[in-house]
Amino acid sequence: MIYFDYNATAPVMREAREAWLNVTEHIGGNPSSMHQFGAKAAIALADARERLAAHLGCHPLDLIWTSGATEANNMVMHHFARKLGPTGQVWLSAIEHPCVFDSAQHYFGKRARLIPITREGVVDVDWITAELADTQPGLVAVMAANNETGVIQPWREVAAICRQYRVPFFTDAVQFIGKVPAKGLGECDYVTGAGHKFGGPRGVGFLKVPNRQSITPLLLGGKQEGGRRAGTENVAIIAAFAAALEVREKQMARSEHVLRGVWRDNFERELLRALPEASIVGAKQPRLWNTVSAVMPDGDRKLQWVIRLDKAGFAVSTGSACTTGKEEPSHVLSAMGIKSAQAVRSVRFSAGWETNENDWSALLKALVKIHADLPGKG
Ligand code: PLP
């Protein structure tokens, strides 16, 4: 089986497993305890925090460890709902992950306004510039890179415009971190991420807040994480997150992601040559090097492609994991103005650091064969 669903989750790398085992076997204390066992755990926790802070370019105490990005994203919306009160408004891009979208809907209802998206899958910066000159919401949320299309969003530009109007800026950087260098992320007010998209374990994420600030906690009942998130920290899993990040940092420093982008580009070129009726979503935009969102030729729907590929030995996806199993067109492609007749034929191939050139070639061959074997095509 060849795995092409890294945007859903990535295999846990050896270094992360070893870090987890090391802490589990040798560091048994609670980081909040006053004795030596506690001190050892607190040091391991602080080390991981410092590594992530250095990666993002922020202060270690700006960081709050969470159970994942869903929790972190919910914390942001919960905090702003409390802070802004019953008339507060938030703006969010129309392609945010459901855990941002649904929590914004939950807390703000109609006061959550969607920022339009261009046909190429990029948030409309001109819209933001024009609208901000007129009204300022309590928060602007634009993700760093989209999980379905891989299109990298102009978050640096949006952050700068928000700064000009003193509007807090929040970016969900889950798909960005550990794949491309994070330079500048630490300057955004609120940033979230998760370990399991880049080789760390599932069930660990973080929220970065501005200037060590407090935040209205979602979980109450303890003073952990500076009173911002109650509950004993899972030190082993947090250490594994930091170990995985360190490995990815080294690979990025050697520009290993650039070559992987070339393999992906070659795959896309060959796919379009073999199946000229197919198209690539957001093809002209800067995208994550690992993601291909392809609208497949007429003849079969996306779930059928996923099932046929699964039988042929390839794990792929219809889009984000949270919409898997649904035949509805994704909200991301709809926001881009892609008609539902096309959107229901979209398949996502997301590679990882372990994917090699041969894996891409094998996937291409399988797609061409499946297409040729479709009823009425052979
Ligand atoms: N945000 C984005 C962009 C994602 O892709 C995901 C996971 O699919 C999440 C948030 C949720 O992350 P987690 O699985 O850590 O809760």
Side-chain angles (χ1 to χ4, degrees), residues 3-12 16 52 63-78 92-106 115 117 121-123 141-153 155 158 170-180 182 185 188 190-208 218-219 229 231 234 237-238 240-242 244-245 281-282 287-293 315-326 330-333 335-336 348-352:
Y3 191 71
F4 270 100
D5 200 14
Y6 278 76
N7 284 8
T9 197
V12 182
L52 176 58
L63 296 171
I64 304 167
W65 294 109
T66 66
S67 65
T70 299
E71 181 189 333
N73 286 339
N74 273 263
M75 277 168 83
V76 176
M77 290 303 160
H78 172 255
L92 59 149
S93 87
I95 55 170
E96 292 300 307
H97 189 272
C99 67
V100 172
F101 191 81
D102 290 356
S103 58
Q105 286 293 316
H106 173 77
I115 307 170
I117 301 298
V122 187
V123 72
V142 175
M143 68 199 321
N146 183 264
N147 44 302
E148 291 188 31
T149 63
V151 174
I152 295 175
Q153 301 300 314
W155 55 269
V158 180
F170 159 44
T171 192
D172 167 344
V174 169
Q175 296 291 347
F176 195 87
I177 289 170
K179 290 190 185 125
V180 280
L185 270 181
C188 299
Y190 297 84
V191 183
T192 55
H196 71 110
K197 307 292 185 180
F198 59 87
R202 284 168 281 276
V204 57
F206 72 88
L207 164 62
K208 184 253 163 211
L218 196 55
L219 302 183
R229 198 261 188 191
N234 189 339
I237 223 171
I238 291 168
F241 174 112
L245 191 63
V281 178
R287 279 176 297 142
L288 294 173
W289 52 265
N290 75 319
T291 309
V292 179
S293 171
V316 308
S317 154
T318 58
S320 80
C322 304
T323 53
T324 300
K326 287 190 191 168
S330 89
H331 74 287
V332 173
L333 303 191
M336 293 171 63
R348 180 185 72 183
F349 311 117
S350 55

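Position 1 is the first residue of the sequence; numbering continues from there. Being a predicted model, the structure only gives us computed values, none of them experimental. We count ligands from 1, going down the list as the structure has it; atoms in each ligand are counted the same way.
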Numbered atoms of ligand 1 (with element) below 4.0 Å of Asn73, judged on heavy atoms: 10 (C)
Heavy-atom nearest neighbour of atom 3 (C) of ligand 1 within options Asp172, Thr9, Asn74, Asn146: Asp172
Heavy-atom donor-acceptor pair, Gln175 side chain to Ile152 backbone, under 3.5 Å: no
side-chain hydrogen bond (donor to acceptor under 3.5 Å, both in side chains) partners for Asn290, two or more places apart: Asn7
Nitrogen or oxygen atoms of Gln175 and ligand 1 under 3.5 Å apart: yes
Side chain, backbone, both or neither: Ala194 near ligand 1, heavy atoms under 4.0 Å: side chain
Polar atom proximity, His196 to ligand 1 (N or O, under 3.5 Å): yes
Gly205 near ligand 1 by a heavy-atom separation under 4.0 Å: no
Parallel, tilted or perpendicular: ring planes of His331 versus Phe101, cut at 30 and 60 degrees: tilted
Donor-acceptor pair, side chain of Lys208 and main chain of Thr192, under 3.5 angstrom: no
Per-atom contacts of ligand 1 with Asn147, taking only distances under 4.0 Å to non-hydrogen atoms: 3 (C), 5 (O)
Test item: Glu148 side-chain N/O and Leu333 main-chain N/O as donor-acceptor pair under 3.5 Å: no
Whether Glu96 side chain and Met143 backbone form a donor-acceptor pair below 3.5 Å: yes
Close approach of Glu71 to ligand 1, heavy atoms, under 4.0 angstrom: no
Proximity of Cys99 to ligand 1 by residue part, where a heavy atom lies under 4.0 Å: side chain
Contact (N/O only, under 3.5 Å) between Met143 and ligand 1: no
Ligand-residue contact atoms, ligand 1 with Gly68, heavy atoms, under 4.0 Å: 15 (O)
Salt bridge (charged side-chain N to carboxylate O under 4.0 Å, His left out) contacts touching residues 67-77 (sequence neighbours left out): Glu71-Arg229
Expected output: side-chain Ser350 to main-chain Tyr6 donor-acceptor under 3.5 Å: yes
